[in-house]
Amino acid sequence: MFSMSSSLRALIFDLDGVITDTAEFHFLAWRRLAEEEGIPFTREDNEALRGVSRRESLNRMLKGRAIDEATAQAWMERKNSYYLAYLETITPEHRLPGVMRLLDAARLAGMRLGIASASKNARRVLDKLGLLEAFDAIGDGYSVVNPKPAPDLFVWVAGRLAVSPQQAVVFEDAEAGIEAARSGGFWTVGIGAATRGLAHLHYDSMAEVSLEAVTRQLAAG
Ligand code: B16
Ligand code: MG
């Protein structure tokens, strides 16, 4: 019989909403663009952008409004320039509670650690958090062609970590991320409200996660 406890070899983390909370900065940047262009955009609307690519975020912000490709590119660049300014304010203090405890426990247990983020700014964010060297592999918005909910990014990171999907647990805060990881055959831990009922295990926040509990509960099925 498959034994999770003896087979779990890697933890793979989404970035925004799991390691840190950049969703607020994405919101402020999209809202500024939307206001400049006369498009209504609320905090609630922003929830639909959680974990999806920059391009898909723009599509969702537009809510069916048509713009040409050159305008789309210019708007994404403008939004990103606003977002980059917010990223300058990130420090190691912005690591979410519980993250370092989990990373340290996993290292002690000899596990490999990876990042699988849809963001093209993932390395910059990790650098500002002081975590660029904390992971054995970093998959970001440049790593694969098909974004989440396709499983490609998680499979790419698992390959870099030299583990199979069945040997890895994915931590995700977004529906698209859980769907991606599950369709790739990974174990999943959902973090926060958007993933409730979708993942193998669920916690309201990273502060509640313990490696021992995750390992034990996944092994128990
Ligand atoms: P960028 P994650 C995602 O990060 C964000 O949750 C999502 O809101 C954003 O649109 C996406 O990255 C792309 O980000 O514009 O920086 O390339 O949750 O996958 O770590
Ligand atoms: Mg996320």
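Each ligand, and each atom within it, is numbered from 1 in the order the structure gives. Along the sequence shown, the residues carry numbers beginning at 1.
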Distance col, row Thr195:OG1 vs Glu179:CD, nearest 0.5 angstrom, shows 13.0 Å
Margin query: When you measure from the heavy atoms of Ala174 to every atom of ligand 1, does any distance fall below 4.0 Å?
Written below: no
among protein heavy atoms, the one nearest atom 19 (O) of ligand 1 is Ala118 N, 2.7 Å
So for Val52 against ligand 1, with non-hydrogen atoms under 4.0 Å, the contacting part is backbone
| query | Do we see a donor-acceptor contact under 3.5 Å between the side chains of Thr20 and His94? | reply | no
Minimal heavy-atom distance between Ala34 and Met61, with the atoms involved, is CB-SD, 4.1 Å
For the residue pair Asn80 / Asn121, report whether a side-chain donor-acceptor contact shorter than 3.5 Å exists. yes
message: Please determine whether salt bridge (Lys or Arg N to Asp or Glu O under 4.0 Å) holds for the pair Asp45 and Arg60, giving the CA-CA distance in whole Å, both sets of side-chain angles, and the decisive distance to 0.1 Å.
response: CA-CA 8 Å; Asp45 293 333; Arg60 293 184 186 190; over 6 Å; no
Tightest non-hydrogen contact, residues Val52 and Ala176, listed as CG1-CB, 4.2 Å
Logged contact type for Leu15 with ligand 1, heavy-atom cut-off 4.0 Å, is both
Practice item. Kindly confirm or rule out an N or O of Lys120 lying under 3.5 angstrom from an N or O of ligand 1. Key: yes
### Query
Hey, mind stepping through Glu133 and Arg107 against salt bridge (Lys or Arg N to Asp or Glu O under 4.0 Å) and telling me if it holds?
CA-CA 13 Å; Glu133 306 300 325; Arg107 277 287 179 220; over 6 Å; no
Correct closest heavy-atom pair for Ile90 and Lys128 would be O-CE, 3.5 Å
Heavy-atom proximity to atom 15 (O) of ligand 1, picking from Arg54, Glu47, Arg60, points to Arg54
Looking only at heavy atoms of Gly51, does any of them come nearer than 4.0 Å to an atom of ligand 1? yes
Fill in: Lys NZ or Arg CZ of Arg31 over Phe41 ring: under 6.0 Å, within 45°
no
(message) Could you tell me if Glu77 and Gln73 have a donor-acceptor pair between their side chains, going purely by distance under 3.5 Å?
(response) no
Atom 4 (O) of ligand 1: closest protein heavy atom, distance to 0.1 Å, is Asp16 CB, 3.5 Å
- [ ] Please indicate whether any nitrogen or oxygen in Ser119 is less than 3.5 Å from any nitrogen or oxygen in ligand 1.
- [x] yes
- Between Asp173 and Arg50, does a salt bridge (Lys or Arg N to Asp or Glu O under 4.0 Å) hold up when you go through it step by step? CA-CA 8 Å; Asp173 73 312; Arg50 187 179 284 274; 2.5 Å; yes
Counting from 1 in the order shown, the ligand 1 atoms closer than 4.0 Å to a non-hydrogen atom of Lys148 are 19 (O)
Under a 4.0 Å threshold between the charged nitrogen and the carboxylate oxygen, would Arg78 count as salt-bridged to Glu37? yes
Within the 4.0 Å heavy-atom cut-off, what Ser57 brings close to ligand 1 is side chain
Using distance alone, decide if ligand 1 has a nitrogen or oxygen within less than 3.5 Å of any nitrogen or oxygen in Asp14. yes
Ignoring waters, protein N/O/S atoms under 2.8 Å from the Mg ion (ligand 2) are Asp14 OD2, Asp16 O, Asp173 OD1
Step-by-step salt bridge (Lys or Arg N to Asp or Glu O under 4.0 Å) determination, Glu24 to Arg43: CA-CA 9 Å; Glu24 182 67 15; Arg43 198 173 280 279; 2.6 Å; yes
Exercise. Return yes or no for this condition: an N or O of Tyr83 is under 3.5 Å from an N or O of ligand 1.
Key: no
Within 4.0 Å of some non-hydrogen atom of Asn121, the atoms of ligand 1 are 1 (P), 16 (O)
Q) Strictly under 4.0 Å, does any heavy atom of Glu56 approach an atom of ligand 1? A) no
Under 4.0 Å from one or more heavy atoms of Ser117, ligand 1 contributes atoms 2 (P), 4 (O), 19 (O), 20 (O)
